[in-house]
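So you know, we letter chains A, B, ... as the sequences are listed, proteins then strands, and number each from 1.
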Amino acid sequence: MIEVTNHKIDTNKLLADVQSPLAGAVVLFVGTTRQLTDGRETASLDYECHESMTLRQFEKLRQEATRRWPILQCGVIHRIGRVEIGEASIAVAVSSPHRADAFAAASWLMDEIKQQAPIWKRENWADGSSQWVHPGLDGPGENLADTAEDAT
Amino acid sequence: MIEVTNHKIDTNKLLADVQSPLAGAVVLFVGTTRQLTDGRETASLDYECHESMTLRQFEKLRQEATRRWPILQCGVIHRIGRVEIGEASIAVAVSSPHRADAFAAASWLMDEIKQQAPIWKRENWADGSSQWVHPGLDGPGENLADTAEDAT
Amino acid sequence: MNLNVQLFAVARDWAGRDQIPLELPADATVERLRRELDRVVPRLAESGVRFRIAVNDEFAADHQQLHENDSIALIPPVSGG
Amino acid sequence: MNLNVQLFAVARDWAGRDQIPLELPADATVERLRRELDRVVPRLAESGVRFRIAVNDEFAADHQQLHENDSIALIPPVSGG
């Protein structure tokens, strides 16, 4: 299951999707909207993506993970649009016979997705301002992120 | 949430339990009954535990994980009794501001639980035989495990 | 050839639109397209950061040759997950 | 003093019961209790593996002193998770 959705992420569906009778381990990662970043309060996040490319990148990463580790199933769901505090923006699940592989693959997938998927978030700060988050990009202008890296 | 239960593990309840507005990451590990171990087919597993000690060990490990990593919440549920193929015997969930800590703590907790919790499984093989799994213990007798380590 | 470049996030804000139509020589590369975008949206060059360019849903190298009907997107530093 | 040792898994099978009552000197240690268990359940000694012993829900060192009413359990190699 590879999906980009406007709706709340259904982690049960994802867990069910990666199940296998050969699996001894399932690792689920859920990325949620954090209220505080370096002491500054977030009200919500807005995500947008280049959808066809995102789906393609997810599929390539899934294939690469399956090549690198002896995993059974692997799924990714990313939410776009408004995501409130505590809600999930991404869920990744991996099943494998042995747990070390599921942990390694899920962690690697998250690292890669954060580098390779054409998805962007906009922080809506509690003080009413908002800005795109573009790691490595800073400079003048109300739309520039003031953090050099994405911190989740 | 620290729990030993005779019933199916409710991973939703565990995920909800570790949620926090300060969390940017939640890692859930689910250990499930695998159909094949070294090519041999399992019909089901039976788990038993020293319950008061198991709960105490879980609590100590939770405290130690919280000391080692900047995590927010952490929960463990272990099922005892009969666990069928594909069903969960254990679920561990950890929330943290940043994902690397949640991955590291969940993985460490699983390693420690497998070493320190007084819980035992009995393999009910598809051929009708069954045996206790006691890593490191082998020798004569119908009740002895024939594997030197627990492989999940 | 005529190409259309999709813009996202801060790049769209800078350009004030979500696509930019460009006319390029038939043998144009990604590098040539990047120079054209820098000219049309000066803040891209001013940012000091080279945004990646995707062609047909894949990240493209600068020397890659472009073709009519290629689907092109400018990819500012990403922040998904 | 009188102590009761809880047995689990293969140890229970070997002993044919889920607890063993033992009478030990008032100053007995975990080591002393282990020797007594080995005597009552010979397969414990024959296994060649030293099972851990828990006192009041904690793993105990061999030199630890026991007390009346201590809750004692023999812990064969574990396989939870």
Novice: Against chain B, label Thr11(A) side chain, backbone, both or neither, depending on which of its atoms sit under 4.5 Å from a heavy atom there.
Specialist: side chain
Novice: Answer with side chain, backbone, both or neither: which region of Leu22(A) has an atom nearer than 4.5 Å to a non-hydrogen atom of chain B?
Specialist: both
Novice: Say you draw a straight line from OG1 of Thr32(A) to CZ of Arg99(B); how long is it, rounded to the nearest 0.5 Å?
Specialist: 12.5 Å
Novice: Does any backbone or side-chain atom of Thr33(A) lie under 4.5 Å from a heavy atom of chain B? Answer side chain, backbone, both or neither.
Specialist: backbone
Novice: side-chain contact (heavy atoms from CB on, under 4.5 Å) with Pro21(A): which of Glu41(B), Gln35(B), Arg34(B)?
Specialist: Gln35(B)
Novice: Name the region of Ala106(A), side chain, backbone, both or neither, that has any atom closer than 4.5 Å to a heavy atom of chain B.
Specialist: both
Novice: Given the options Asn12(A), Leu36(A), Ile85(A), which has more heavy-atom pairs under 4.5 Å with chain B than any of the others?
Specialist: Asn12(A)
Novice: Can you say whether the rings of Phe103(A) and Phe103(B) are parallel (under 30°), tilted (30 to 60°) or perpendicular (over 60°)?
Specialist: perpendicular
Novice: Please look at Leu15(A) and chain B and tell me whether the side chain, the backbone, both or neither of the residue comes under 4.5 angstrom of a heavy atom of that chain.
Specialist: side chain
